Protein chains: 2
Amino acid sequence: MRYEERFESVLKSAATVFARRGYQRASIRDVAKAAGMSVAGLYYYCKSKEELLFAVCYHSFDVLLQSLHRSLKGVSDPKEQLHIFIVNHFEYFLTYVEAMKVVSHEAGMLTGEFDARVTEIKRQYYLRCQQIVQLLLGEPDAESPRLRTTTLALFGMINWVYTWYRPGRDEDAKGLADGMTELFLHGVGPQAAVGNGQEVGNDGEREARRGAG
Amino acid sequence: MRYEERFESVLKSAATVFARRGYQRASIRDVAKAAGMSVAGLYYYCKSKEELLFAVCYHSFDVLLQSLHRSLKGVSDPKEQLHIFIVNHFEYFLTYVEAMKVVSHEAGMLTGEFDARVTEIKRQYYLRCQQIVQLLLGEPDAESPRLRTTTLALFGMINWVYTWYRPGRDEDAKGLADGMTELFLHGVGPQAAVGNGQEVGNDGEREARRGAG
DNA sequence: TTACCGTTCGATCGCTCGCTCGAAAACACA
DNA sequence: TGTGTTTTCGAGCGAGCGATCGAACGGTAA
């Protein structure tokens, strides 16, 4: 009981430190300090640094997937499914920013069994999303390249958010999800069809620093 | 002359090693070995490991931006501009996969002046893209949240590619760019409007491992 | 040949890393 | 109180890190 609580707090500290410094650069000493214990004490709760990264990643996908299944239960309209998928993603994202940043950015550092298990649960998440996109496209072939590309484009849109999102400046999960859903369903909109050649001033250069590359 | 050639080959080796192992995990000894020289010899061409990362990132954006400006010259149709932007991005991406992976994944590790300079050139790239999206949206306000979100969604789509692209399996730059342009302009298509509740089998689970998180 | 200079390297520095150990502290229950 | 278990830690291991230094190499011009 006490152990479980302490372990979760260790995971949270690890997520924070890994998110801030990057998995490689973050030292086990940083994590220990953040968790308020000694290095040796930290190792009472994990076998290795990599296991910490694994735990953060796996736990994140686990919660994300369970929440998704719960929210999608009984919903049959593909457009609604899409919206729910995106909302669910962003809500988890905004609640556990650090963990999601680690998942998005550092999961690839895992090796062996850790890698295999995270890859597997990631794949479940991907496939659930692909099912939705398949319905949207009216695509009969699950192996279709277009289905793959489109699904991965959607993942790009929503996963990239961790590189630029700023609480306060940007909308909340719901608003962001609405915008992205609309964009994915209908594109930038009918205005796109005009083809006028007017130039636009380059004001508004403030605060575009992140997320561009 | 000889120096320049050697330096570029060092950059290329650095990009490869950083892409494969990650910047932090990659040691200066790995880079030296890949470049075919000793550690001390490598330091004749750079002042620090971080300077190597900076050089890779900055050089990439430099080439990308110059190529973009060249391609956009004289084009006034926003839709055509968008297509050119995406094609340019993917063509560079597929030609210099390693460098682009480093740029996308590791540029955030830079600090101080290195960070400032890469952030600045990244911002130029972002703003050029934002201009195009602004035309497409018919958006008068350059500070509009919608403009920001939409532009960054586009960046997400095209930047995420490095996590899943596989030569051979996936389309070439042109094909990929056509698909993404179409998706960004018009969404998943009119089929999306039906709202039918039909279920879809979960075949096609092979090879979805990457890019999902 | 000699002198020069851009280039390369072996050896090594000081430091931090992930991780471990045996002992002690904190706790639970008698 | 004493006893056994769970949790914590100071000290330190070997390895690898980024970076440096003075010496030596190799081509060129006199």
Side-chain angles (χ1 to χ4, degrees), chain A residues 1-57 102 105-115 118, chain B residues 1-57 102 105-115 118:
Chain A
M1 182 55 67
R2 169 136 185 77
Y3 177 91
E4 284 301 326
E5 280 175 25
R6 205 87 173 89
F7 179 67
E8 292 219 2
S9 116
V10 164
L11 273 200
K12 202 176 165 187
S13 301
T16 304
V17 172
F18 290 166
R20 276 219 242 286
R21 306 245 303 150
Y23 172 67
Q24 302 288 351
R25 168 173 298 190
S27 76
I28 217 68
R29 286 160 180 82
D30 296 330
V31 177
K33 188 179 293 179
M37 49 173 58
S38 71
V39 173
L42 176 64
Y43 271 90
Y44 180 72
Y45 292 94
C46 66
K47 282 176 62 74
S48 69
K49 186 187 177 189
E50 189 177 11
E51 190 186 84
L52 274 184
L53 176 60
F54 164 75
V56 170
C57 294
V102 172
H105 207 83
E106 316 280 4
M109 297 281 105
L110 291 168
T111 63
E113 187 66 17
F114 290 140
D115 176 44
V118 167
Chain B
M1 184 54 66
R2 170 133 186 79
Y3 177 90
E4 285 300 327
E5 280 174 25
R6 205 86 173 88
F7 179 67
E8 292 220 1
S9 116
V10 165
L11 274 200
K12 202 176 167 187
S13 301
T16 304
V17 172
F18 290 165
R20 277 218 241 285
R21 305 247 301 151
Y23 171 67
Q24 302 288 349
R25 169 175 298 191
S27 77
I28 217 69
R29 286 159 180 82
D30 295 331
V31 178
K33 188 181 290 181
M37 50 173 58
S38 70
V39 172
L42 176 64
Y43 271 90
Y44 179 74
Y45 292 94
C46 66
K47 279 176 65 72
S48 69
K49 187 187 177 189
E50 189 177 11
E51 190 186 86
L52 273 184
L53 177 60
F54 164 75
V56 170
C57 294
V102 172
H105 208 83
E106 315 281 4
M109 299 280 105
L110 291 168
T111 63
E113 186 67 16
F114 290 140
D115 175 45
V118 167

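Remember, predicted model here, so these are calculated numbers, not experimental data. Below, read A as the first sequence line, B as the second, and so on, with proteins coming before strands; counting in each chain starts at 1.
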Protein-nucleotide distance ([X], atom [atom1]; [N], atom [atom2]), rounded to Å:
| X | N | atom1 | atom2 | value |
| --- | --- | --- | --- | --- |
| Tyr23(B) | dC17(D) | OH | P | 14 Å |
| Arg2(B) | dT8(C) | CZ | C1' | 11 Å |
| Leu42(B) | dT20(D) | CG | P | 12 Å |
| Lys33(A) | dC17(C) | NZ | P | 10 Å |
| Phe7(B) | dG6(C) | CZ | C1' | 16 Å |
| Arg21(A) | dC17(C) | CZ | C1' | 12 Å |
| Lys49(A) | dC19(C) | NZ | P | 8 Å |
| Arg25(A) | dG18(D) | CZ | C1' | 13 Å |

Is the phosphate of [N], meaning OP1 or OP2, less than 4.0 Å from a side-chain N or O of [X]?
| X | N | result |
| --- | --- | --- |
| Tyr43(B) | dC9(C) | no |
| Arg6(B) | dT8(C) | yes |
| Tyr44(B) | dT7(C) | yes |
| Tyr45(B) | dT7(C) | no |

### Message
Suppose we call a contact any N or O donor and acceptor under 3.5 Å apart; does that hold for the side chain of Arg29(B) and the base of dG16(D)?
### Response
no
### Message
If you assign Lys47(A) and Ser27(A) each to the DNA chain C nucleotide with the nearest heavy atom, which residue ends up on the more 5' nucleotide?
### Response
Ser27(A)
Of the candidate nucleotides [options], which contains the atom at the shortest distance from the side chain of [X]?
| X | options | answer |
| --- | --- | --- |
| Ser48(B) | dA19(D), dC21(C), dC19(C) | dA19(D) |
| Met37(A) | dC21(C), dT8(C), dT8(D) | dT8(D) |
| Ile28(A) | dG18(C), dT20(C), dG18(D) | dG18(C) |
| Ser38(A) | dG10(D), dT12(C), dG18(C) | dG10(D) |
| Tyr3(B) | dC21(D), dT20(C), dT7(C) | dT7(C) |

### Task
Kindly assign one of parallel, tilted or perpendicular to the pair His105(A) and His105(B), based on the angle between their ring planes and the thresholds 30° and 60°.
parallel
Separation of [Y] [atom2] from [X] [atom1] (nearest 0.5 Å):
| X | Y | atom1 | atom2 | value |
| --- | --- | --- | --- | --- |
| Asp30(B) | Leu42(B) | CG | CG | 11.0 Å |
| Phe114(B) | Ser48(B) | CZ | OG | 5.0 Å |
| Phe54(A) | Cys46(A) | CZ | SG | 13.0 Å |

### Full working for side chain to side chain contact (heavy atoms under 4.5 Å, CB included) between Glu50(B) and Tyr23(B)
CA-CA 9 Å; Glu50(B) 189 177 11; Tyr23(B) 171 67; 3.6 Å; yes
### Message
Classify Ala32(A) by what it touches in the nucleic acid, base, sugar-phosphate, or nothing, heavy-atom distance under 4.0 Å.
### Response
nothing
